[in-house]
Protein chains: 2
Amino acid sequence: MTIDCANCPLRQFDLFSPISKSTLAFLSRFKTGELVAQPGTEILTEQASSSQLFTTLSGMGLRYKTTSDGDRQVVGFVLPGDFIGLQSGVMDVMQHSVEASTEMRLCVFNRSDLWTLFRSQPDLAFSLTHLAANEEHLLGEALTVLGQMDAQARIAWALLRFDRRLTAVGLRKNGRVPLPYRQQDLADALGLSLVHTNKTLARFRSRQLANWSEGWLRVPEPDTLASLYDFESSITATRPLI
Amino acid sequence: MTIDCANCPLRQFDLFSPISKSTLAFLSRFKTGELVAQPGTEILTEQASSSQLFTTLSGMGLRYKTTSDGDRQVVGFVLPGDFIGLQSGVMDVMQHSVEASTEMRLCVFNRSDLWTLFRSQPDLAFSLTHLAANEEHLLGEALTVLGQMDAQARIAWALLRFDRRLTAVGLRKNGRVPLPYRQQDLADALGLSLVHTNKTLARFRSRQLANWSEGWLRVPEPDTLASLYDFESSITATRPLI
DNA sequence: CGTTGCATTGACCGCCCTCAATGCCGGTGG
DNA sequence: CCACCGGCATTGAGGGCGGTCAATGCAACG
């Protein structure tokens, strides 16, 4: 039993830009089904082509690259609403792998329909470009964080982003959001060692600034934490949902 | 006296994917003029909107973000053939600034024509998305380098990329390519201090692996340098030129 | 009840940062 | 013509942030 795009549970959130009825109708045809991925499953593989593209309905995952010496760099976290596989769609192969951290429910699209989309739905084509530009923005910000900030600021930045984004898709409950990653994942995303990530998280916990444990993240006063590290206030521009 | 897209001096290089006559004709109309930017000029500004988009015909520049505490992160280097301003085109504002390092000649497009492009030229729309995905790829690779590699590997990676890319646009002469940046620019791109960047460059010079001085870069044996740091061989996929 | 995965904590030290001084070059004005 | 200055490259000294190594605890699982 799959969800109709017209009743997409994600579209209600202000995070996502509105969409016209006719475009929505096309999207419904574009969507060919749903896929449930179990934790640990590799959904897309670096350097491989894929005939399918996805949108995350629920659950969370990781985008990562593997270096030749076996290290891993997490280049992003896949959260509900995120589109997966655009690189494969336009460049033929993925430049990073995508793996499910929790059970994930995914909308499935056929890559072969992508060209039809570009020909007949310029607004959706525009939205796809918007999504790509948005990824570029996120990566640019991450690069700045890795290049210029120390461990405390990096972790504070990441936790704040999680808090904001997960709240925006309705996952905050009782002042906390689910964060089902391992400390190693965060370490690999921020260019830190597991040990140092752990110690820094412990410091935030004892200072009551942020508490991430047992899969839940609680940030009592996001603005206080942000001001401590000079992060600009949470400007949440809307983005497309495809 | 501006260059007609049909005679674009860049399009001859294998780096760029071929394009149909009719698409080329549209491009010629899309291009509204040329702009010459002097060294030091800010072409686009972070957090600002721009009514114009550009393609680099010649010259080089920098993309960078400024952090609230005054630091600078170089998120990319603008080389001939690079498109500038896509973020502003689809997301309304730029997420990084672009500044000319040398004198630059730029093709100028009107942002207001972008929508027409998406409606009437799906192949160009696809190419734009391709370019955005390509930027995402570059940033992901940069993130991996900053997150996982030490100073020597970071600098080797950057120098190899310059060597390959500048060669691909015909700028290699007498076994060297022009590299008109300051050491500070590279340091800010790689998340290193100027001092350490300088010392590491000196080490490469004395080991005869790479010599960057007085605006020119000479890498005698790129493959040797690449193998020293476990970089995959130079896979140069083609990309669109708009 | 051994094993496996993840979180936690302590000891040690190295890469790279900061601070600081010097040299070189081109531009500018007295 | 020369003194001065600003921008950039270079080099040495010293120290700190965050790295690796290693051991322990704990919970889930076969």
Side-chain angles (χ1 to χ4, degrees), chain A residues 38-40 60 62 67 69-74 99-102 145-159 178-207 210-217 229, chain B residues 38-40 60 62 67 69-74 99-102 145-159 178-207 210-217 229:
Chain A
Q38 294 306 314
M60 307 187 196
L62 286 174
T67 64
D69 57 356
D71 285 342
R72 183 182 76 149
Q73 173 69 34
V74 170
E99 178 182 310
S101 294
T102 69
V145 169
L146 290 226
Q148 307 299 333
M149 316 237 213
D150 65 15
Q152 290 191 45
R154 292 188 207 184
I155 290 187
W157 171 77
L159 296 184
L179 198 59
Y181 297 107
R182 295 166 300 157
Q183 293 185 353
Q184 183 73 64
D185 298 328
L186 186 61
D188 288 345
L190 299 179
L192 298 170
S193 72
L194 168 62
V195 173
H196 199 63
T197 300
N198 178 287
K199 288 174 179 168
T200 307
L201 284 170
R203 192 127 99 244
F204 279 115
R205 225 175 279 132
S206 73
R207 288 167 58 192
N211 189 327
W212 176 32
S213 49
E214 292 162 36
W216 292 90
L217 168 65
Y229 295 98
Chain B
Q38 294 306 313
M60 307 186 195
L62 286 175
T67 63
D69 57 356
D71 286 341
R72 185 183 74 152
Q73 174 69 34
V74 170
E99 177 182 310
S101 293
T102 69
V145 168
L146 290 226
Q148 307 299 331
M149 315 239 209
D150 65 14
Q152 289 191 46
R154 292 187 208 184
I155 289 186
W157 170 77
L159 296 184
L179 198 60
Y181 297 106
R182 295 165 300 157
Q183 294 185 352
Q184 183 73 64
D185 297 329
L186 186 61
D188 287 345
L190 299 178
L192 298 170
S193 71
L194 169 62
V195 173
H196 200 62
T197 301
N198 178 287
K199 288 173 179 169
T200 306
L201 285 170
R203 190 125 102 244
F204 279 115
R205 226 175 278 133
S206 72
R207 289 168 58 191
N211 190 326
W212 176 31
S213 49
E214 290 163 35
W216 291 90
L217 168 65
Y229 295 98

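Everything numeric here is computed off the predicted structure, so don't read it as measured data. Chain naming here is simple, since letters A, B, ... match the order of the sequence lines and numbering starts at 1 in each.
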- Other residues, nucleotides, ligands: >12 heavy atoms within 6.0 Å of A:Arg205 CZ: yes

- Message: Between A:Leu159 and A:Leu201, is the side-chain contact (heavy atoms from CB on, under 4.5 Å) condition met? List the steps.
- Response: CA-CA 10 Å; A:Leu159 296 184; A:Leu201 284 170; 4.1 Å; yes

- For nucleotides 25-30 of chain D, 5' to 3', base contacts (B), sugar-phosphate-only contacts (S) and non-contacts (-) with protein non-hydrogen atoms under 4.0 Å give ------

- Query: At what angle, to 10 degrees, do the two end axes of the helix from C:dC1-D:dG30 to C:dG30-D:dC1 meet, given five pairs define each axis?
  - Reply: 20°

Pairs under 3.5 angstrom, nitrogen or oxygen only, protein versus nucleotides 6-8 of chain D, please.
residue	atom	partner	partner atom	Å
D:dC8	OP1	B:Arg182	NH1	3.4
D:dC8	OP2	B:Arg182	NH1	3.2

- Under a 4.0 Å heavy-atom cut-off, which of residues 185-193 of chain B touch DNA chain D? none

- Task: With sequence neighbours left out, write down each residue that passes side-chain contact (heavy atoms from CB on, under 4.5 Å) with A:Gln38, or none if nothing qualifies.
- Result: A:Val36, A:Thr41, A:Glu103

- Can you name the residues that form a side-chain contact (heavy atoms from CB on, under 4.5 Å) with A:Pro178, not counting sequence neighbours? A:Met60, A:Leu171, A:Trp216

- Message: My understanding is that only residues two or more places apart in sequence, or in another chain, count here; which of them pass ring-ring contact (aromatic ring centres under 6.0 Å, His included) with A:Tyr181?
- Response: A:Phe77, A:Phe162

- Note on the structure: With a 4.0 Å cut-off (strictly under) to non-hydrogen atoms of chain A, the first and last hit nts on DNA chain C, 5' to 3', are C:dC6 to C:dA11

- Message: Keeping A:Gln73 on the side-chain end and A:Thr67 on the backbone end, is there a donor-acceptor pair under 3.5 Å?
- Response: no

- Which residues, if any, of residues 197-205 of chain A bring a heavy atom under 4.0 Å of DNA chain C? A:Asn198, A:Lys199, A:Arg205

- Report yes or no: do A:Asn211 and A:Ser213 form a side-chain donor-acceptor pair below 3.5 Å? yes

- Message: Among residues at least two apart in sequence or on other chains, which ones pass side-chain contact (heavy atoms from CB on, under 4.5 Å) with A:Ala153?
- Response: A:Met149, A:Asp150, A:Tyr229

- Ignoring hydrogens and geometry, is there a side-chain-to-backbone donor-acceptor pair from B:Trp212 to B:Leu179 under 3.5 Å? yes

Could you list the donor-acceptor pairs under 3.5 angstrom formed by side chains in residues 189-197 of chain B, with sequence neighbours left out?
residue	atom	partner	partner atom	Å
B:Ser193	OG	B:His196	N	3.1
B:Thr197	OG1	B:Ser193	O	2.8

- Item | Whole angstrom value for the distance that separates C1' of D:dC17 from CE of A:Met149 | 17 Å

- Message: Closest-nucleotide mapping onto DNA chain D: is A:Gln152 or A:Val195 further toward the 5' terminus? I mean the 5' end.
- Response: A:Gln152

- Item | Residues that B:Asp185 engages under side chain to side chain donor-acceptor pair (under 3.5 Å), provided they are two or more places apart | B:Arg72, B:Arg182

- Query: Which atom pair, heavy atoms only, marks the closest approach of A:Pro180 to A:Ser101?
  - Reply: O-CB, 4.2 Å

- Message: Distance check, rounded to the nearest 0.5 Å: B:Leu186 atom CG versus B:Thr200 atom OG1?
- Response: 9.5 Å

- Message: I'd like to know if the side chain of A:Arg154 reaches the main chain of A:Leu146, judged simply by a donor and an acceptor atom lying under 3.5 Å from each other, with no hydrogens or angles considered.
- Response: yes

